2 protein chains.
Amino acid sequence: MSERRKLTLKDIAKDLGISVSTASRALKAHPDIAQETIQMVKDYAAKHNYVPNIIAVNFRKSRTKNIGLIVPELVHHFFSTVISGSIDEAKKSGYNILVSQSNDFLADEIVACKTMMASSVDGLLISISNETYDGDHILEFIDEGKPVIQFDKILEKLPVPKVIVDDFEGGYSATKHLIDQGCKRIAHIAGRKDVLNACERMKGYKKALNDHQIPFKEEYIRYCESISEEEGEQFMEEFLALPNPPDAVFCITDLVALGVIKALKNKGISIPDQIAIVGFSNWKLAEIVSPSLTSIDQHGYQMGVVAVRMLIQKLEDKNFEIPDTLELKTRLVIRDSSVKVKA
Amino acid sequence: MSERRKLTLKDIAKDLGISVSTASRALKAHPDIAQETIQMVKDYAAKHNYVPNIIAVNFRKSRTKNIGLIVPELVHHFFSTVISGSIDEAKKSGYNILVSQSNDFLADEIVACKTMMASSVDGLLISISNETYDGDHILEFIDEGKPVIQFDKILEKLPVPKVIVDDFEGGYSATKHLIDQGCKRIAHIAGRKDVLNACERMKGYKKALNDHQIPFKEEYIRYCESISEEEGEQFMEEFLALPNPPDAVFCITDLVALGVIKALKNKGISIPDQIAIVGFSNWKLAEIVSPSLTSIDQHGYQMGVVAVRMLIQKLEDKNFEIPDTLELKTRLVIRDSSVKVKA
DNA sequence: CTGTTAGCGCCTTCAC
DNA sequence: GTGAAGGCGCTAACAG
């Protein structure tokens, strides 16, 4: 507990018999300063282990080098992946990431925004909650001159840059993959109709069917409300009760696919031979479940990296214009649940 | 982009014809100040939406209200649960959590510590990497007068308070549960002998056997190096090759248990009837896998809450003494992989 | 009860 | 090339 007072510029200046401002400038190798002086000060600083007082610097520059990051859930494979990417990228430029979660409640999201505001982050990255249909609490950041970027779950009408996954392409490639496996009756367990990501995946699904002359049939569609395993199980049972059940199912999410797999196992239906399955998000569980699950990877880490990088660019250069929308491509990860052995 | 300059105490003072310090004191209802003045200032502040400049306040008080949190891995069910608890608890007192990950490398951990130091967090919570056998980089915080708390993966010799799970009790109750199910030949796939948590679980296992007059047999023990699914699979195969294979396996972690389950499925051995399984950590996968996995829950959220709470207490009151070791009890979560149907 | 004063550590004109 | 001085916004000791 030495609790030694930290060395300040003033100390250096006094010890070296120069002024504080000279010391300050020397440390950043200001062109006005003589080489010798610069060396002298730098040596002294190195020797005595001088560390500038960041709090003072930030105060002086009225910034914190903190970036707020609000996600619906922290304990969630995709979001923690995004966070991981954000943190790693932010660190490179000396920024910190302050994480907060909304638990998918609007009220919590608003509180999180206020907290972020109060701890005066320099900018904000946000993935909105399921309940957020209006972004006044987000616009306040803009009002304060703090840049904001939305990612993944976005509010489309909000005039704020967005980093998203190309869900359309994801839906398309998932479906096309099933078609390529020879499936003809491809069902889709979709998400809520008012959620953008879900709609895009559906559009991709439809386009793929259309491109391959497969008719779209309403009986092969179900909409999840809570995006749960139970819904997957239940809907799969409904599909099986159809006169002409599907031979493949594309699920809005891996968790739903898990429910589907359970239902099929219960009935003793073989995957992928009788029914092939594709999920979405490529969670950890996709590798773990048996049979392992073909899924669409959303590059969460990359999304975190990209969002942070753009925000920091804006922070360091007011004139930088963040592109309005950045779409990351998805990647089809093929596993056992969808690959039919060639007959 | 109004970019309006924020209201400061000076503005309030000038508008109200009082001094800055009076305004400052009035806002915190200092006893010296007249009730009327307090009212007047507070009303004015409320009306004009005055928000103190946190950066200035922190500078003045030379603190950041940021707490560093270093974990081996961010994308990890247990650690993200801990983080979630920390963040929620910290928010209550107006603290922020800065998360960093070591990827289980000592070098990364040291860098993370330096970064934390540089962004001058007020205190540190750390769960060490697998490679950390020496804590000089951690002690630096103490030297700077910044309190530190270790949690979960700890360096025992470090004279720094610890919040841990009672692994001994966890190992004991997992084993006892298997004994209660009628198992007589209980194997244990353990962790590295030099990792504290793993040793404690082993001790609990041995004690439970001993308390129930079951002999400990070295042939039923295996030690993981990387704590992976593959190791679980391989060790289970080794067990099965024994002249007298076990009728139950207690695994150091759910992931290892998953490998064990795979091996058993491959051989067509029924779980739990022929061999019962218990994991440890109660990850998400424990619910998901089939059969669902009995496991030991470590109360990650609670651990985050407790660690933060103690650190903040110390921060707000220098005289507060953080207890040297706090052990959280585990909880046995019984699922299908271990419950034998009564004959 | 209130105002004055003096910084916290650093950066940045402005002057020499 | 270097130094002096002012100030970022807020707090707190010290006067009145």
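Remember, it's a predicted structure, so these values are computed and weren't measured experimentally. Proteins get letters first, then strands, A, B, ... in listed order; numbering begins at 1 in each.
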If I take atom [atom1] in residue [X] and atom [atom2] in nucleotide [N], what distance separates them, rounded to the nearest angstrom?
X	N	atom1	atom2	result
Arg63(B)	dG9(D)	CZ	C1'	14 Å
Gln39(B)	dC1(C)	CD	C1'	17 Å
Leu9(B)	dG3(C)	CG	P	13 Å
Asp11(B)	dG9(D)	CG	P	8 Å
Leu27(B)	dT11(D)	CG	P	9 Å
Ile55(B)	dC10(C)	CD1	P	16 Å
Phe59(B)	dT11(D)	CZ	P	13 Å
Asn58(B)	dG9(C)	CG	C1'	14 Å

Measuring to OP1 and OP2 of [N], would you say a side-chain N or O of [X] lies under 4.0 angstrom away?
X	N	value
Ser62(B)	dG9(C)	no
Lys10(A)	dC8(C)	yes
Thr37(A)	dG1(D)	no
Tyr50(A)	dG9(C)	no

* Going by atom types alone, do Ser127(B) and Gln150(B) pair a side-chain donor with an acceptor below 3.5 Å? ->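 Short answer, no.
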* Asked: Under 3.5 Å, is there a donor-acceptor pair between the Asp15(B) and Tyr44(B) side chains?
  ->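 Checked: Asp15(B)/Tyr44(B) side chains pair up, N/O donor to acceptor below 3.5 Å.
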* Rounded to the nearest 0.5 Å, what's the gap from CG on Asn58(B) to CG on Asn66(B)? Could you check? =>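 Going from the CG atom of Asn58(B) to the CG atom of Asn66(B) covers 8.0 Å.
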* Asked: For the atom pair CG (Leu69(B)) and CD1 (Ile97(B)), what is the distance rounded to the nearest 0.5 Å?
  ->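 One finds 6.0 Å between CG of Leu69(B) and CD1 of Ile97(B).
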* **Minimum-distance nucleotide to Asn53(A) side chain [options: dG3(D), dC10(C), dT11(D)]** =>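 Taking heavy atoms from C-beta onward, the closest nucleotide is dC10(C).
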* To do: Ignoring the backbone of Val57(B), work out which of dG9(C), dT11(D), dC1(C) is nearest its side chain.
  =>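 For the Val57(B) side chain, the nearest candidate turns out to be dT11(D).
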Show me the protein contacts with nucleotides 12-14 of chain C, counting only N or O atoms at under 3.5 Å.
none

* Asked: What nucleic acid atoms does Asp32(A) come within less than 4.0 Å of, heavy atoms only: base, sugar-phosphate, or nothing?
  ->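 Here Asp32(A) touches the bases of the nucleic acid.
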* To do: Identify whether any heavy atom of Ile18(B) sits under 4.0 Å from a base atom; if not, whether one sits that close to sugar-phosphate; answer base, sugar-phosphate or nothing.
  =>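 If one applies the 4.0 Å heavy-atom cut-off, Ile18(B) turns out to touch the sugar-phosphate alone, with no base involved.
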* Asked: Do the side chain of Asp122(B) and the main chain of Thr64(B) share a donor and acceptor less than 3.5 angstrom apart?
  ->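 Yes; judged by distance alone, with no hydrogens or angles, the pair exists.
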* Report, as yes or no, whether the 6.0 Å neighbourhood of atom NZ on Lys10(A) holds more than 12 heavy atoms from other residues, nucleotides or ligands. =>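 No - once you tally the heavy atoms of other residues, nucleotides and ligands closer than 6.0 Å, there are 12 at most.
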* To do: State whether Tyr95(A) and Lys65(A) meet the cation-pi test: NZ (Lys) or CZ (Arg) under 6.0 Å from the six-membered ring centroid, and within 45° of the perpendicular axis.
  =>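 Yes, a cation-pi geometry.
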